[in-house]
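Just follow the structure's listing: the first ligand is 1, and inside any ligand the first atom is 1. These numbers come from a predicted model, not from an experiment.
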Amino acid sequence: MRKILIVGAGQSGLQIALGLQSHGYEVTLMSNRTADEIRSGRVMSTQCMFHTALQHERELELNFWENQAPRIEGLGVSVAAPDSGRAVDWVGKLDGYAQSVDQRVKMAGWMETFAQRGGQVVIHGAAVGDLDYFSRTYDLVLVAAGKGELVSMFERDASRSVFDAPQRALAVAYVHGLAPRPEHPDFDAVRCNLVPGVGELFIMPTFTNTGRADILFWEGVPGGPLDAFKGVKDPSEHLALTLELMERFVPWEYARATKVELTDANGTLSGRYAPTVRKPVGRLPGGGAVLGVADVVVANDPITGQGSNSAAKCAASYLSSIVEHGDQPFDEAWMRSAFDRYWDTAQHVVKWTNAMLGVPPEHVLNLIGAAGQLQPVADRFANGFNDPADFENFFFEPEKTNAYLASVRPAA
Ligand SMILES: Cc1cc2nc3c(=O)[nH]c(=O)nc-3n(C[C@H](O)[C@H](O)[C@H](O)COP(=O)(O)OP(=O)(O)OC[C@H]3O[C@@H](n4cnc5c(N)ncnc54)[C@H](O)[C@@H]3O)c2cc1C
């Protein structure tokens, strides 16, 4: 049976590992942390996943927490007005629910399952030199190590990378005690609060080590007032700053957050990174080649909450490419074709995410505003988070946006 090494035990690495294992491949998973270290470590993401990505997990019967995790049935958008009121406020309904399962819970659980099913787990932080050796002993080496140092093996694709610097400063806090949204307490939703020129606050329910919780996630324009978490090491200071900024910029969300407490001492995260697309084949000093997976090759800013979704889609696509290739060699041509197949989906995520990082043009402001009066617009926008390719039809070009709005506006 074919031997495959996967470096990195995140969404993409574990999903492919478990998928290949179920097809009878001999899979080795290399992780720089044990399952227990992941479970008790720092939060890594907000990991809100929409229907298509969740469906890939269900197909592999990996939806272990589906009945415990809150079902996110809507996606709401508010735009802050200069007087701290809301210039825009609506919620779109998702056709299929979304869910966020803390990656600490999911990755630790999946890693243990992989080992229980006979998979080999090697706890080791792989270096480029290790991969040189392994590329000769395995039929295929997949690098699914996220945004860590191993990306240096993969050349930046300048033609597909719009930015060379971080576009947002990120600050996450997992909390218990957030009150329901007063407007729609009857169903769970992701809340996207846009503060023009300043940044965004995302709030979403999640399932973590201590049960149901909510995530407060600030994305701040670098150098602006939300870019304030850099030297903050103390978790309670991080939460206090999160709340202070909420009171100042999004008081309607602060109003329901006055009693929150951190889920745990590792429930905060801050950082920043430049959105980057890389060439899919990593070259090793000894001449071998490895294939990059998910964030290694396409890392988007989390403003559109797409990274885990994309990791699941990349894993599903690569799994099909590997299985369909049978016993033929996994050469560089195959690696490029596997990536191209994934890029068919990923390119839409990159285009839309990069657009959301910029100053919105007038037709996009009109679209977001119109969603407040026209429920079909709100619903379509919300469902675009599941299938970003649909934004091609009504988001980027003013003519298409206007034609779409005209088609849904009731006749005068
Ligand atoms: C603040 C924030 C919020 C986010 N919110 C969302 C969201 O709401 N929705 C969404 O879809 N996405 C979101 N994302 C993005 C999402 O978390 C990532 O895109 C996704 O986890 C990428 O999966 P991956 O498998 O490529 O890599 P990762 O999940 O990063 O996994 C990589 C793994 O490899 C390990 N590793 C690294 N180097 C080595 C090495 N040398 N040897 C061995 N192991 C190694 C790491 O420890 C890690 O376990 C968010 C990201 C951030 C930072």
Side-chain angles (χ1 to χ4, degrees), residues 5-17 28-35 37-39 41-50 52-54 72 75 98-104 106-108 110-111 121-131 134 141-153 166 168-174 190 192 200 202-206 215-220 229 268-273 275 278 290 292-315 318 342 346 349 353 385-386 388:
L5 172 68
I6 299 173
V7 180
Q11 175 74 37
S12 64
L14 276 160
Q15 193 182 310
I16 301 183
T28 302
L29 182 74
M30 191 173 283
S31 168
N32 54 2
R33 289 185 298 164
T34 65
E37 283 166 349
I38 292 174
R39 190 178 281 117
R42 183 163 293 283
V43 292
M44 294 169 270
S45 178
T46 63
Q47 71 269 313
C48 182
M49 292 177 62
F50 295 86
T52 303
L54 294 177
I72 300 172
L75 183 137
Q99 290 190 305
S100 163
V101 176
D102 186 343
Q103 289 186 341
R104 296 181 296 181
K106 189 197 278 186
M107 301 318 152
W110 279 0
M111 206 199 278
V121 177
V122 177
I123 302 301
H124 177 65
V128 175
D130 302 322
L131 299 187
F134 289 123
V141 176
L142 297 171
V143 180
K147 297 176 279 287
E149 284 163 20
L150 289 181
V151 296
S152 61
M153 275 191 299
R168 291 291 187 274
L170 316 173
V172 168
Y174 279 48
V190 178
C192 311
E200 301 80 21
F202 299 95
I203 302 183
M204 70 205 76
T206 192
I215 307 175
L216 310 174
F217 172 25
W218 274 117
E219 286 234 350
F229 289 84
T268 61
L269 173 74
S270 64
R272 66 190 73 204
Y273 58 89
R278 294 177 187 277
V290 294
V293 189
D295 267 15
V296 168
V297 280
V298 184
N300 286 296
D301 186 277
I303 190 166
T304 51
Q306 292 295 306
S308 304
N309 290 273
S310 295
K313 291 171 186 176
C314 184
Y318 280 14
Y342 166 56
V349 178
T353 304
F385 282 74
N386 176 54

Show your reasoning for whether side-chain contact (heavy atoms from CB on, under 4.5 Å) applies to Y342 and V298.
-> CA-CA 10 Å; Y342 166 56; V298 184; 4.1 Å; yes

Without swapping roles, check the side chain of R42 against the backbone of T268 for a donor-acceptor pair under 3.5 Å.
-> yes

Report yes or no: does D102 contribute a side-chain atom to a donor-acceptor pair with the main-chain N or O of M44 at less than 3.5 Å?
-> no

Applying a heavy-atom distance cut-off of 4.0 Å, which protein residues contact ligand 1?
-> V7, G8, A9, G10, Q11, S12, M30, S31, N32, M44, S45, T46, Q47, C48, Q103, H124, G125, A126, A144, A145, G146, L150, V172, F217, A294, D295, P302, G305, Q306, G307, S308, N309, A311

Are F385 and Q306 side-chain neighbours, meaning at least one heavy-atom pair lies under 4.5 Å?
-> yes

Qualifying residue, where the test is side chain to side chain contact (heavy atoms under 4.5 Å, CB included) with I215 and the options are S45, P205, S100 = S100

Salt bridge (charged side-chain N to carboxylate O under 4.0 Å, His left out) contacts in which one or both residues fall within residues 301-312, not counting sequence neighbours | none

